[in-house]
Amino acid sequence: MIKDIATPIRTRAILEKYKFSFKKSLGQNFLIDLNILNRILNAAGVTDQVGAIEIGPGIGALTEQLAKRADKVVTFEIDQRLLPVLKDTLSPYDNIKVIHSDVLKADVKQVIGEEFKEGQDIMVVANLPYYVTTPILMKLLEEKLPIKRIVVMIQKEVAERIAAKPGSKDYGSLSIAAQYYAEAETVFTVPKTVFVPQPNVESAVLRLTIRNEPPVQVDDESFFFEVIRASFAQRRKTLFNNLSHHFGKDYKEQIERVLTAAEVDPKRRGETLSIEEFAKISNEMKRILNS
Ligand code: SAM
């Protein structure tokens with residue numbers, strides 16, 4: 001019987017067979033630990049009803065385990081050199097579609113419509129290339145795709161920032177951007193030893209459970225995110241100073257009125273504000289700017 005791809009011996013054999021050289025610039029760190037893969041699949045709750053989307057299959061370590069458990073797997077790989085490898089390693093499975101594409105440029109919504117069954121539970125499960133973690137996650141969230149959950153291996157530091165709560169040092173615009181679309185939690189951390197080659201940073205598995213509705217009512221989403229980015233522009237400055245700097249000193253009086261109406265002390269710093277408070281401030285600010 002052929003061994004699973006995600007073992008040190010089989011991975012080494014595949015890499016040697018294809019004389020594969022890792023491209024650091026593509027974030028190529030392959031998983032060689034079945035136990036970690038099983039924990040990722042458990043965290044995602046993958047069943048035989050699920051349609052799975054993977055980003056970056058590499059030589060197919062996670063793809064294979066997804067194919068064994070899910071109904072179907074669609075996976076996006078940017079590196080052309082991996083296509084013949086995947087054709088070989090994934091040949092025992094008939095429920096995998098490999099798409100040769102940069103996921104950032106792909107029309108994921110269209111792919112979902114074409115490749116999965118109507119009404120099927122769809123999940124993204126991936127060991128992401130770390131150099132593009134945030135753009136990939138924000139694309140998946142902002143495009144409001146019909147997906148239920150995203151479970152991804154990413155840098156531990158980024159996972160902590162995404163899942164951070166107000167008042168913690170990791171809390172910032174990325175936490176709010178992600179938590180506007182999803183409930184975020186770090187499920188477990190992962191040692192460097194389960195990858196070849198080993199990455200320079202610590203890793204963690206992040207679970208994003210997509211919300212049906214945003215947790216707050218926001219009148220203008222892009223303005224809401226503009227206010228948030230402005231509030232964190234200089235972390236050591238007060239909310240009032242950051243907002244005045246962003247909107248210009250002519251607006252100081254209006255900002256004071258907005259903060260009073262939103263019942264937020266102007267001396268607070270952005271990192272202490274809840275998503276509800278940011279929603280109140282941005283709705284109020286928009287109303288005053290439009291009046
Ligand atoms: N899933 C494999 C595993 O766990 O062993 C490989 C994971 S490796 C961390 C990331 C993979 O993403 C690599 O195969 C890399 O070539 C691919 N990749 C990098 N940038 C990509 C992009 N923009 N779109 C699609 N795939 C990408």
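Counting convention: from 1, in listed order, for ligands and their atoms alike. These values consider heavy atoms only, across backbone and side chains, with no hydrogens, waters or symmetry-generated copies.
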Please check if the side chain of Ser173 supplies one atom and the backbone of Ile228 the other of a donor-acceptor pair under 3.5 Å.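 No: the side chain of Ser173 does not pair with the backbone of Ile228.
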Calculate, to the nearest 0.5 Å, the distance between atoms CG and CG belonging to Leu137 and Leu174 respectively.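 Going from CG on Leu137 over to CG on Leu174, the span is 8.0 Å.
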Report the distance from atom CD of Gln217 to atom CG of Asn283, rounding to the nearest 0.5 Å.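 Here the interatomic distance stands at 5.5 Å.
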I'd like to know if the side chain of Tyr171 pairs up with that of Thr272 as donor and acceptor (distance under 3.5 Å, no hydrogens or angles considered).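 Side-chain D/A pair, Tyr171 to Thr272: absent.
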Under 4.0 Å from ligand 1, counting heavy atoms only: the protein residues, by chain and number: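 If the criterion is a heavy atom under 4.0 Å, then ligand 1 touches Leu26, Gly27, Gln28, Asn29, Phe30, Leu31, Glu54, Gly56, Pro57, Gly58, Ala61, Phe76, Glu77, Ile78, Asp79, Leu82, Ser101, Asp102, Val103, Asn127, Leu128, Pro129, Tyr131.
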Flag the pair Asp71 / Gln120 as yes when at least one side-chain heavy-atom distance between them is below 4.5 Å, and no otherwise.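 When only atoms from C-beta onward are counted, Gln120 and Asp71 do touch, with a gap below 4.5 Å.
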Does Arg211 count as lying over the ring of Tyr181, i.e. NZ or CZ under 6.0 Å from the six-ring centre, within 45 degrees of the axis?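 Pair Arg211/Tyr181 does not count as cation-pi.
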